[in-house]
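By convention here, the first residue in the shown sequence is residue 1. Indexing begins at 1, ligand by ligand and atom by atom, following the structure's order.
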Amino acid sequence: MPDTRYVFVTGGVTSSLGKGIISASLAKLLQARGFSVTIQKLDPYINIDPGTLNPYEHGECFVTDDGAETDLDLGHYERFSNTRTSQANNITTGRIYQSVIEKERRGDYLGETVQVIPHITDEIKYRIKLLGTQGDYDFVITEIGGTVGDIESLPYIEAVRQLRWEMGHRTLVVHLTLVPYLSAAGELKTKPTQHSVKTLLESGVQPDVIVCRTEHPLNDNIREKIALFCNVESSSVIESIDAWSIYQVPLLMLKERLDLEVLRKMGIPEPGEPELLNWEEFLDKLRNPAHKVRIGLVGKYVELKDAYKSILESFIHAGTVHQCKVEVVMIHSEEVERLGTEHFLHDLDGIVVAPGFGERGIEGKIRSITYVRERGIPFLGICLGMQCAVVEFARNVLGLEGAHSKEMNPRTPYPVIDIMEAQKKISTKGGTMRLGAYPCRIVEGTLAHRIYGADLISERHRHRYEFNNRFLADFEKAGMIASGINPKEDLVEIVEIPSHPWFVGIQFHPEYRSTVASPHPLFAGLVEAALRYRQGRRPAEGSSPEA
Ligand code: GLN
């Protein structure tokens with residue numbers, strides 16, 4: 001669309017201020033006022049995508065419908081705006097350089113000296129504008145990863161400067177900074193903000209709006225001071241105070257008029273009131289739960305909550321469906337191996353076994369599944385979690401001693417989980433798994449069918465291994481059935497145990513599809529089953545949120 005507007009979100013002072021949440025909140029507010037919006041994240045690291053990054057380094061890798069392995073901020077964008085992102089929404093320095101170098105090798109530059117300016121910056125500008133020209137968007141919000149002043153951010157800031165020069169009022173820069181509170185002085189301090197704006201100015205970029213993260217309210221004096229020393233109007237100094245939930249941030253930004261300030265600065269007439277009723281209802285339910293359940297999340301990155309970001313957010317969404325507070329108890333699968341299942345699982349109302357790769361902690365996951373399978377405790381296994389459920393069933397119900405996934409034991413006598421045919425010849429790691437959305441046919445009369453209420457669904461994948469169909473008949477005879485199948489390739493996508501109250505394993509990742517506007521039925525189903533289990537277990541105590 002020729003008059004797409006471009007909003008850039010930069011960050012100063014420190015990382016982890018929540019640029020992703022501010023970008024997603026602005027998108028939500030503009031959307032609530034009737035505009036179409038997409039959000040893009042530019043990451044200054046050299047990896048082609050975060051798919052090959054260890055979760056300890058970068059948290060979860062989010063997967064889009066079109067199979068892009070992306071930064072976890074794209075998860076926030078989707079959860080807030082309920083619109084799908086794609087490969088074009090996440091660009092890294094590695095990808096920019098890769099395409100410039102490929103062009104150079106092809107001779108596209110006709111012998112020119114290939115340089116950061118203009119070739120790298122042109123490629124960055126092209127990727128930013130692509131979203132505006134391809135999609136039908138009123139706004140493209142581009143979040144620049146990292147902090148201004150970082151060496152690796154420089155080409156991105158230069159691209160922003162050039163785009164401002166070329167497109168003028170169709171662009172706007174929102175700069176997010178920190179206003180720290182010094183308790184010894186009893187004061188909020190603006191100097192770090194002044195310095196970070198100065199750093200941005202050294203690159204020729206004047207921010208239009210400054211969003212200040214703070215633990216205390218900004219008074220008029222502080223706002224005036226920031227306005228005066230950073231060359232912005234005081235109405236453009238926006239307070240972003242700590243919130244009790246990230247989902248409260250759009251409403252805080254509404255109160256601070258962030259969206260109206262952006263529209264005013266871009267010369268767009270003020271539209272009607274924003275439509276945020278559903279959002280407010282969601283927050284209301286989140287804040288006032290009538291029940292509570294405790295669900296264990298068994299994985300190996302439990303110290304690091306970002307590694308399971310989408311799963312944790314999915315539980316927040318699902319809880320509101322049943323007016324239920326979901327306390328997620330993080331359980332380290334290696335600790336389960338050390339201290340036993342009873343120690344960790346005896347007072348839980350349900351468990352999820354997390355996705356993952358590699359052998360570490362695998363036996364702890366499998367033992368946890370034995371525990372909940374035998375006791376009728378609700379269970380959801382996601383990707384590797386589903387594969388563990390299959391291995392557990394093979395060993396302990398079918399009696400196939402030594403059964404395993406070939407990923408963990410290539411010489412297992414019973415490879416109930418095997419490498420996918422399409423994966424056998426692939427030797428490189430990045431972007432080579434079965435990735436993105438695939439259809440799945442659901443078998444009528446199953447729990448999965450009741451949960452989804454549909455015959456055909458689509459879910460996102462990220463794996464190399466699959467259920468080995470050679471064993472399917474034996475599994476079904478013994479009580480674990482395949483209730484979801486990929487119609488084209490006959491791959492088992494969902495398994496369940498009909499004799500168990502709620503036992504579901506899925507080869508895909510439902511957590512990537514759960515949003516505030518549309519909580520995922522599998523997580524909602526698990527919360528409901530956990531509530532039922534808890535009420536059966538402690539009828540006197542019930543499931544009150546205080547319990
Ligand atoms: N490691 C398993 C596989 O590659 C599961 C992957 C996952 O949990 N995302 O198939």
Indicate every side-chain donor-acceptor pair of residues 520-530 with a distance under 3.5 Å to a residue at least two apart or in another chain.
residue, atom, partner, partner atom, Å
H520, ND1, L522, N, 2.9
H520, NE2, E459, OE2, 2.6

Show which side-chain atoms of residues 339-347 pair as donor or acceptor with protein atoms under 3.5 Å away, not counting sequence neighbours.
residue, atom, partner, partner atom, Å
E342, OE1, Y371, OH, 2.9
H346, ND1, E342, O, 2.9
D347, OD1, R294, NH1, 3.3
D347, OD2, R294, NH1, 3.0

Under 3.5 Å, side-chain donor or acceptor atoms of residues 388-402 against the rest of the protein: list the pairs with distances, not counting sequence neighbours.
residue, atom, partner, partner atom, Å
E392, OE1, R373, NE, 2.7
E392, OE2, T370, OG1, 2.8
E392, OE2, R373, NE, 3.4
E392, OE2, R373, NH2, 2.9
E392, OE2, N396, ND2, 2.8
R395, NE, A403, O, 2.9
R395, NH1, E363, OE1, 2.9
R395, NH2, E363, OE2, 3.3
R395, NH2, A403, O, 3.3
R395, NH2, H404, NE2, 3.4
N396, ND2, T370, OG1, 3.4

Item to check | Under-4.0 Å salt bridge between R360 and E334 | outcome: yes
Checklist entry - Is the shortest distance from a Lys or Arg side-chain nitrogen in R338 or E335 to a carboxylate oxygen in the other one below 4.0 Å? => result yes
Checklist entry - Angle class for the H461/F508 ring planes (parallel below 30°, perpendicular above 60°, tilted otherwise)? => result perpendicular
Item to check | Residue shell around ligand 1, heavy atom under 4.0 angstrom | outcome: P355, G356, F357, C383, L384, Q387, E407, R462, H463, R464, Y465, H509
